[in-house]
Every structure is written in C-alpha cells, then in structure tokens.
Protein chains: 2
Amino acid sequence: MVSGSAAKRGARQRRVTINDVGTAAGVSTSTVSRVLNGTARVDPELARRVQSAVAELGYRPNAAAQGLARGEAGAIGVLVPDLSNPYFPDVLKSVSAVARRHGRRVMVMESDEDAASEYELAEDLMRCCDGVLLCSPRMDRTALVDLALRGHPVVLVNRIVPGLSIPSVSADFYGGMTLVCGHLTQLGHRRVAYLSGPEASWANAERIRAFEAAAAFGIDVTVIPCGHTARHGYDAADAVRDRGVSAVVAYNDLVAFGAMAALEEAGLRIPEDLSVIGCDDISVDDLPSSRRLTTASMARDELGRQAAQRLESLMAADGDTEPRSLPMELRVRLTSAPPAASPG
Amino acid sequence: MVSGSAAKRGARQRRVTINDVGTAAGVSTSTVSRVLNGTARVDPELARRVQSAVAELGYRPNAAAQGLARGEAGAIGVLVPDLSNPYFPDVLKSVSAVARRHGRRVMVMESDEDAASEYELAEDLMRCCDGVLLCSPRMDRTALVDLALRGHPVVLVNRIVPGLSIPSVSADFYGGMTLVCGHLTQLGHRRVAYLSGPEASWANAERIRAFEAAAAFGIDVTVIPCGHTARHGYDAADAVRDRGVSAVVAYNDLVAFGAMAALEEAGLRIPEDLSVIGCDDISVDDLPSSRRLTTASMARDELGRQAAQRLESLMAADGDTEPRSLPMELRVRLTSAPPAASPG
DNA sequence: CTGTTAGCGCGTTCAC
DNA sequence: GTGAACGCGCTAACAG
C-alpha cells in the first residue's frame, strides 16, 4: 500500500555511494565528503546542492568504508557476563551516554558467564571497535594479559589483575563486604553463611577476602557454593538452614531474593529468624520489594561513566593505568536485625 | 611485571596487516587470505608457514576492511527499548545463538523507550550491520516505513504495522490478554483495572484491544496510565484502589510486582482482596517471587529464534514478509482468585 | 594451486 | 575553495 519514493531502488540494487551524490550534485566526491564532515569551508551554493542530492538519493555513508579510511571504527565494545542482571544494563546506560558524547556507538555483547566464549567475543570486539570495556571478566589472568597486550585500548570493570598494569575501574567490594561484616557484628551475629558467586568472579573473591579479614573480629563466615541468579539462591537455601547460622550474606541481590523466597516458603521469618544481606543494590527502580533488602550499594552509573571516560582517554592519548576503586555504602533496610535468642 | 613477547610492538605502532603476514611467510596476500578463509585449497606447506606467521605476528584481520571487501559487515543489529527488562536479554540469547551459527556477531543497542533516539540508533545500526532486528519499536508508523524502505533487511519483533508488508514476528498479546480476561470472568470478576504501558507500545495497544473485545462478555476494564517499570507500577497502585475494582491487570510482570508491593504495603491481601495479573512471565529463572504471579506467558527464546532466522533468510534470499504471530499461554498461579464478597 | 591486478567506499593529501 | 589522485586492508577475479 504505502510506497515511498525510495521504493524506486528495489531491494536488490547497488547501494548509493558518495560518488552518486557527487555526480548528482555536479561536484567531486571530496566536496561531498567535506560538506558531510564539515572538514573544510565549502561554497554555500555547492553545499546546498550536496545536501539536497543526499536527501534525494537517500545516501548514507558506508560505515566500513569510513572506518577503513579514517582508521577507526567509531564504536566501542562492551562485554558483560550476564545481561539478565539489572546491574549491567545500569552500567551500560552511562557508558552509552559517554560514548555518544564522543561520537561513538556502543556494541554490547554477552558471554553468558563462560570464560572461553568471553575470550573469543572480546577478540571479536577488539577487531571491530576502537576500544573495549570488559565488565567483570571471568577469563583467567593469562587470557586477560594476552588480550591486554594486543596494544588495543582495553579497560576492565570490576576486576583488578594484581601485578599487572591494565587500566580498570572497580567497585570496592572488599570495603563493601567489610561494612556488611561490621554491621552484622554490631547486631550480634557470629555465625554467618555466604552464598558464593561464580568461581571465576573477582568480585566474589574480594568478598571472601573481606570475610577472612573479618574473622579477626570474631565473625565466622561459612562459604556455600551457590551462583549468580535468583534461582541459584533459591536452590541454595536448604544448605543455609543446615549451617545453624543467624545471618546470610548473598553474592548479589538476585541471589538474596531467591534465597529469601525459599527461606520464607520454609517458614522462616526475615529478619526475625534469619538476617539476609545482599550486594549491588539493584533494587532502586527495578524491584520495589528490594527496598526491603539490606545490601551493599554502589553508584553503577558512576562506575560506567568513569570506565567509559577512562577508555576514551586511553584511545586519545595514553592515560594512566592505575586501577581505580569506587567506594561502596551500606544500605541498612529491613532484612537485617539482631539474631534470635536461640539461633539455629 | 608480566610482559609477553607481543609487548615488542608497543601501543603506538601500526597494526600488522595481511601484507606483513604474506611477507613473513614468503607468500602473496591472496594466499594468506585463502588460508585464513578456507576459500580454496592451498599447499599444506605454505599453509603451515602462513599459520605460524599469523601466530608469530599476532595478526588479526581488520573487520572494516573485510566488511568493505566482502560487501557485508558480518553482524546483525538488535535494538531494544529497555535492557533492564529481563524480557529482552532472554530474547537476545536466542538471537545471538542463531546469529553465531551463521557466523555473524550481534550488536545490541538500547533506545531507552525514546522514539526519536530509537530512529537514529536504528539508522546507525543499518549503516554498520547486514540486518537489523527492531524489538518493540516505539517510533511511529511513518518512521518505521521510512526505515523499512531503505532496502536494508529489517525484521520487527512485537510490532505489526497494518497495511504494510514488513516482516515481523510477534507474540499474540491480543490472544494472551483475551485468555486473561476469560480467566478473570470465570473467577467472577467484573470490574478490572489495567495498568497501561508506554503509549507508543504496540503490545500495549493490543492488550487494550483485547479488553475492548472482552467487554462483550461483561467485563469492564478501566485503563490507568502507568508505565513499564516496577517503579511505575508501585506509583500507580494508589490510582487502582480508587477505582473499586476487584482485579488488576498490569502491562507486564515488572509493573505487576511494583503494584503488588505497594498494594500489600497498603494492607491489601493478594489475591484475597485483589487479584493481580501480569504479562510476559519473566519470572521463571529471575525472580522466584514471580512464581506466585498469574501471568500471560510466551516462549521468548522462540520469539528470538524465529526473528533471527527470519532476518537471516531475508539477508540471503528475500523471504516472505507475512507477519508471524506466536501464541501466548495463561499461567494461573497464586495472585488470582475469586473476588471478595464485597469488592472495593 | 599460486601470484598479480583490480576494486570495495570513503577520507585526505596534494596541486590547481 | 575545489578536484584529481592515492591509500586504508582485504577479497575476488583474472591469468599463469
């Protein structure tokens, strides 16, 4: 029914190039290029002719050709382990904002928590982007070094590789979990369970490191293998009940939600019978129920912003490579309270 | 500390090209190309030399150059309105699977529910991808037509443009909401509130269309402007209580969760005092609490799979352009029940 | 089976 | 201020 004027060039036709525009406007391709990119002053009359030729023909510059000629793709890549975790979309928003301000589009890819495919996807991204942001990378140190040494701009988010200078921006999970431990200690908790995240997760290791340090304050944290989704938390709840603990700290809020659901189904009251604490504070706008959850919080938008800016300066001139760490805060809400008289 | 052999070529050096490989291996660039792409048979000895030269120099083909020479980018683009909604990551997973099987990477972009930026991002994607998947596009019909007529492969997801043949794959929201209405009617509900989604949402319009048709069965649905996030649902809960309805249908599960949280805080019991029904069934693995929510469900992986395959066949030969619709199912869980004796 | 040649579409020197 | 020529890195058609 509807058929715009553009329908003339059917589906199977050669795409219109800068040459076509030049011919139509009666100028050279260089002039067209200049008009479109504002590279140099052009006679207003010619510019007008170019503009209308562009409009008439529906010309769109070919990204690949531009990239080849300019020597840069005009895009940055972002690799995340799991898009289903609201954490990453939040980070992505501020990354995109920064990138757009620099005239770059952002290309998002998801590794599904798999270290091997993560490595391949990262390689892929490096081939077609000017710089890459690796969020919470799961690949091992060797692979990371291999990638970083390619001489391609890379910034790590939530991962610090000890002994190596790869620029990174991370949340201070160690500090965050330390706050959580302090909170629990002051409430009177002594025996705590930690629902552990992915083994390859640096953030997870940092949390555990904090627990080990907190042992000096008389708090005993048992690590229970779990995972990163609500489902994992739900399934791990049984193991928690066997441990005779008075509080549970979860790898992240999603896991905490899952665990809470299972624990409540099992007849436990939170926080009367058991305190539950999460991490990330993904609740704010997404899950109102989470306004209840005591958790360690951080500004995800700030994390994304700094990471993107870091990548930009890396792509411009070489910025510094010192790891940067962002503080976390404790958000005490309704799921943490003093332990019951007879815990367990 | 660590410094691999690749460190020799510092950060600011010319990237190694196919020419360098050829020279190093003592063969022509075409032979290198043939070895790398398996385009033609090559003497095993030469192939070996090429391989090791590639490894030695750490050569990675330039994506832009490949794209230019081949005439295709080797990537598809996917545009979604909101990555924070678990709905889209789920769709993305199956899209990625299909794309990867066809040797294409996928480029994800987010429009933040904004029609204008959506149009621009779509244009961007078309410039650097071989095909584009527009998920739940919010832009108006005119813009969509404009885009579709560019002669670039485009497939719509969850949007059907009447009177125009743009290939699309959508969930049958009309059918889904009709099931919901039937369920409510059989439970005895007569007065129902609908927490409406984004105005520009086709899916939202389809739901409303279903309510209008259901009026014939004696069910009266009041549309309350709301939004697409849990926060929106939370904030709209007050308006629901004023309406004297015995049931609430939400634009999606996120909204339903938000509304439920607010309603429960206000002292209402669900489903005793009020039934709540969602849409999308995003709960399965993400939010265990949602196992409680009665909702209209659809196979998101199937949606993504079909959409991606459709795009692939569109890029190969011209496939058909008939809109395809996927059925939805009703998942009756714990948030729907017969109305209280004295509703309101 | 291999090397040589010619573009792919665009930006960017150069002379004019 | 403008056009002509070259090169970006790679693939593909062409001879050999």
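First the proteins, then the strands, lettered A, B, ... as listed; each starts at 1.
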Restricting to non-hydrogen atoms, name the atom on [X] and the atom on [Y] that form the minimum distance, rounded to 0.1 Å.
| X | Y | answer |
| --- | --- | --- |
| Asn158(A) | Ser136(A) | CB-OG, 3.7 Å |
| Ser170(B) | Val157(B) | OG-C, 4.4 Å |
| Met139(B) | Ala115(B) | CA-CB, 3.9 Å |
| Ile76(A) | Ala99(A) | CD1-CB, 4.0 Å |

Roughly how far apart are [X] [atom1] and [Y] [atom2], rounded to 0.5 Å?
| X | Y | atom1 | atom2 | result |
| --- | --- | --- | --- | --- |
| Asp114(A) | Asp112(A) | CG | CG | 8.0 Å |
| Leu303(A) | Cys135(A) | CG | SG | 7.5 Å |
| Ser117(B) | Met109(B) | OG | CE | 11.0 Å |
| Leu83(B) | Lys93(A) | CG | NZ | 6.5 Å |

Whole-Å distance separating the [atom1] atom of [X] from the [atom2] atom of [N]:
| X | N | atom1 | atom2 | value |
| --- | --- | --- | --- | --- |
| Arg15(B) | dG9(D) | CZ | C1' | 11 Å |
| Asp20(B) | dC8(D) | CG | P | 11 Å |
| Leu36(B) | dA12(D) | CG | P | 13 Å |
| Asn62(A) | dG9(D) | CG | P | 17 Å |
| Tyr59(B) | dG9(D) | OH | P | 10 Å |
| Arg70(A) | dC10(C) | CZ | C1' | 9 Å |
| Glu72(B) | dA12(D) | CD | P | 10 Å |
| Arg41(A) | dT12(C) | CZ | C1' | 19 Å |

Assign each of Ala64(A) and Val42(B) to its nearest nucleotide of DNA chain C by heavy atoms, then name whichever residue's nucleotide is nearer the 5' end. Val42(B)

Output the residues of residues 120-127 of chain A in contact with DNA chain C, where contact means a heavy atom of the residue under 4.0 Å from an atom of the strand; sort by number or write none. none

Where along residues 21-32 of chain B does a heavy atom fall under 4.0 Å from DNA chain C? Val27(B), Ser28(B), Ser30(B), Thr31(B)

Counting side-chain heavy atoms from CB outward, which of dC10(D), dG7(D), dG1(D) is closest to Ala69(A)? dG7(D)

Looking only at side-chain atoms of Leu68(A), point me to the closest of dT11(D), dG11(C), dG9(D). dG9(D)

Applied to residues 18-40 of chain B, the salt bridge (charged side-chain N to carboxylate O under 4.0 Å, His left out) test, sequence neighbours excluded, yields Arg14(B)-Asp20(B)

Applying salt bridge (charged side-chain N to carboxylate O under 4.0 Å, His left out), which residue pairs with at least one partner in residues 58-70 of chain B are found, sequence neighbours left out? Glu123(A)-Arg60(B)

For the CD atom on Glu45(A), are there more than 12 heavy atoms of other groups (residues, nucleotides or ligands in this structure) within a distance under 6.0 Å? yes

Taking salt bridge (Lys or Arg N to Asp or Glu O under 4.0 Å) as the definition, give me every residue that meets it alongside Arg101(B), ordered by chain and number, with sequence neighbours left out. none

OP1 or OP2 of dC10(C) sitting under 4.0 Å from any side-chain N/O of Asn19(A)? no

Does dG11(C) have OP1 or OP2 sitting under 4.0 Å from an N or O in the side chain of Gln66(A)? yes

Side-chain donor/acceptor of Arg34(A) to base of dG3(D), under 3.5 Å: yes

What bend angle does the helix from dC1(C)-dG16(D) to dC16(C)-dG1(D) show across its length, from five-pair end axes and to the nearest 10 degrees? 40°

